[in-house]
Engineer: 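The structure follows.
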Amino acid sequence: MALTLELRDLHAEIEGKEILKGITLRIEQGQFHALMGPNGSGKTTLSRVIMGDRRYKITGGGIFLNGEEITNLPTYERARRGLFLTFQNPVELQGVKLFTFLRSSYLVHYPNDGRSFQEFITYVQSKARLLNMDTTLLSRGVNEGFSGGERKKAEILQMSLIKPRIAIVDEIDSGLDVDALEAVAKSLKDTIYSEPRMGVLLITHYQRILKYLSPDIVHVMIDGKIIMSGDYSLALKIEEKGYEWIREIK
Amino acid sequence: MDKGDKIKGLIAENVNGDNIITRARYPHIFEEGLNKSVVEEISEIKGEPEWMRRFRLRALEIFNSKPMPNWGPPLDIDFNKIRYYILPDEVKARKWEDLPEEIRETYEKLGVPEMERKYLSGSVAQLDSEGVYANIKKKFEEKGVIFLDSDSALKRYPDLFKEYFFKIVPVMDSKFSALNGAVWSGGSFIYVPENVQIDLPLMTYFRMNMQQEGQFEHTIIIAEKGSYVSYIEGCTAPIYNVTSLHSAVVEVYVKENAHVKFTTVQNWSRDILNLSTERARVERGGRMEWVSGSLGSKITMLYPSSYLVGEGASASHLSISLASDFTWKDNGSKVIHFAPRTSSKIISKSISLRGGTTVFRGLVRIPKGSVDCVSHVQCDALILDENSRNFTFPHNEVYEETATVTHEATAGKIGDEQLFYIMSRGLTEDDARSMIVLGFLDDVMKEIPLEFSIELNRLIKLKIAEMGGTG
């Protein structure tokens, strides 16, 4: 069954400060949503709250998967039900080899995978090569000393192995130069459009990555609320005029 | 036949018996407390030579005259509430079912084979491994290697034993070395002749005629010129012991260009105080490696030492200690560079969780005249929660300008962001913690013999899970 993620009037705060002020959103598997907004509008908070980051407190509303409430479910349970988050600044895991990490997380999702250890290495290496990723990174600590671009590729590699049903992609374009951006966008596209198609909530500050990816719906978030939704032309308009005009309309 | 052999004969005849004979004959052995007559009885039962009996008595006097250490973890020991000698037969008579449940559970979780479980729990005195290891043993013996329990070594090689017994560790070294001198029993005795390289690690499992591992073992390793031996002691499965004090002495003699690797992994049950003395004397061009994994016990105080007495000698000290559930691991290393161009490397990794305390004490001394010595000390601590603690006391005494001494220390916690990141991939919080801890240990894991690193991996995962471990 295809997965549907729903946010119903979701409110969340951190250290007493309200960041999400009533978000309602419905993402079906196979749909591609883009979420745009200026710095500090709460986009990253939204991605973390969906994934169950305990540092945020939910103060109202809820999160639902196929109608079942998951607002209080631990992070790993959400992941096991098909949600995935690529991090804007993925943390370093000292001494935890990327390959070990990939294998452990893969086996959580595919416990009956018949591949031997050796076959899995070959499989991961082929996936990494598709992303133009240096395969020696696999034997390094997760994100340990990785460049910005390498970290983003490692995130996409994980996504392409786990094949989540709905992925939240948080500012995968940040800190990349134009060439790296194009490469990352292409890999991302291959990953999310491979069958079975994922649902995607792609968070970005800029329109530039969207031109490679053609989202179905574009949402604009300002000050903890989604205040406008539209098709791709909305992203182009933001590119041209910035966010101020939306504030003025509202 | 001397008296000790008679006793052994009696015990052998009563393998399935209820040790009535031994009880009747030595009733007071089963009492708690330490005095002259207890020490004399131990010596008598073992049928020891006169010099050893006198040695034990002198050690007892030293023990009585020495104060308790005035530093380190709180030691509250009532020496009159401890039993100092356990007859092998008495231990053997214990039933598997009599073990505390958590120990049985841990064995099962660790997947320790049934035969080993019975051995470890003391419900059989000897591992049924003679068939498997007979060939290995034969190979050793053809090369002149001696590998015996220390009591047997004293009987069969009295002069050799005497030459090395309590030499690098003087009996007056501390209250606990003196205690070992008075009541020692068991341990391993290893002699490797000149230029003999033993390619397989010697493990306590291989040792024949093994007495039940006591709580006061005395282990001696002698590696003659140009020889190599790797010795592995203990195991990762929790050891359940009848008494609450373990105080061993280990003496290692590394001759010219010889190389000894001593690996010890202990997971004593949570009521045991582990206060042991381990020391090596390393001659010209020799190399000593200490690898220790300290997982169990209530309190451990253990500081393996290397005395580098010959030019170009080197020592490597690597320790992993884990303190959980209000236990205290006081570990460290001591290296004294008595000779020029000697080098040492000390790496300590400690993990504390659920109220555990880890302490690192390091001492590196380079006296004037020991030119061109190199020493590196690295101590890393990982603290898993708010209730747990780590203290680090590195101490370098360098009196020689040509020395190169470096020191690094880190203390870290598991970050919320790391946990969140790993869990977002579908791993549970326990798995996430284990993964971070094993990552923290990654750079030392490769130094640990493979069979242990696998067990250690499994054990750490167990310890981190709430249900885990007993240590």
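Treat the numbers as computed from the prediction; the structure is a model and nothing was measured. Just so we're on the same page: letters track the sequence lines, and every chain starts at 1.
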Engineer: Would a 4.5 Å heavy-atom cut-off, applied to side chains only, mark Y76(A) and S424(B) as touching?
Structural biologist: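 The answer is no, as the side chains (C-beta and beyond) never meet within the 4.5 Å cut-off.
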Engineer: So do T428(B) and R80(A) actually touch side chain to side chain, heavy atoms under 4.5 Å?
Structural biologist: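 Answer yes - side chains close enough.
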Engineer: Please classify the contact of E77(A) with chain B as side chain, backbone, both or neither, using a heavy-atom distance under 4.5 Å.
Structural biologist: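 For E77(A), neither part sits under 4.5 Å from chain B.
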Engineer: Check whether Q94(A) gets within reach of chain B through its side chain, its backbone, both or neither, counting any heavy atom under 4.5 Å.
Structural biologist: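 Backbone only.
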Engineer: What part of R54(A) is in contact with chain B, defined as an atom under 4.5 angstrom from a non-hydrogen atom: side chain, backbone, both or neither?
Structural biologist: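 Side chain only.
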Engineer: Report which part of V108(A) has an atom under 4.5 Å of a heavy atom belonging to chain B: side chain, backbone, both, or neither.
Structural biologist: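 Looking at V108(A), just its side chain touches chain B.
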Engineer: Quick one: of H109(A), R55(A), R78(A), who has the most non-hydrogen atom pairs under 4.5 Å with chain B?
Structural biologist: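 Maximum pair count with chain B is reached by R55(A).
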Engineer: Closer than 3.5 angstrom, by distance alone: can the side chain of Q418(B) be matched with the main-chain N or O of L93(A) as a donor-acceptor pair?
Structural biologist: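 Checking the backbone N and O of L93(A) against the side chain of Q418(B), no donor-acceptor pair under 3.5 Å is found.
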Engineer: Between S104(A) and M435(B), is there a side-chain heavy-atom distance shorter than 4.5 Å?
Structural biologist: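 When only atoms from C-beta onward are counted, S104(A) and M435(B) do touch, with a gap below 4.5 Å.
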Engineer: Select one option (side chain, backbone, both, neither) describing which atoms of I422(B) are under 4.5 Å from chain A's heavy atoms.
Structural biologist: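 Contact with chain A involves both backbone and side-chain atoms of I422(B).
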Engineer: Where on L85(A) is there a heavy atom nearer than 4.5 Å to chain B: the side chain, the backbone, both, or neither?
Structural biologist: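 Interface part for L85(A): both.
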Engineer: For Y106(A) and R425(B), run side-chain contact (heavy atoms from CB on, under 4.5 Å): C-alpha distance rounded to whole Å, both residues' side-chain angles, the deciding distance at 0.1 Å, then the answer.
Structural biologist: CA-CA 8 Å; Y106(A) 181 79; R425(B) 272 42 177 162; over 6 Å; no
Engineer: Counting only heavy atoms closer than 4.5 Å, note whether D416(B) contacts chain A via side chain, backbone, both or neither.
Structural biologist: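 For D416(B), backbone and side chain are both near chain A.
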Engineer: Please round to the nearest 0.5 Å and tell me the distance separating atom OG1 of T75(A) and atom CG of L427(B).
Structural biologist: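 Those atoms lie 12.0 Å apart.
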Engineer: Are any of the side-chain heavy atoms of K97(A) and D442(B) separated by less than 4.5 Å?
Structural biologist: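 A side-chain contact exists here, since the closest heavy-atom pair is under 4.5 Å.
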Engineer: Could you check which of G95(A), A79(A), G52(A) has the highest count of heavy-atom pairs closer than 4.5 Å to chain B?
Structural biologist: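 Sorted descending by pairs with chain B, the first entry is G95(A).
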Engineer: If you take the centroid of each ring, where Trp contributes its six-membered ring, are Y421(B) and F101(A) closer together than 6.0 Å?
Structural biologist: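 That pair passes the under 6.0 Å test.
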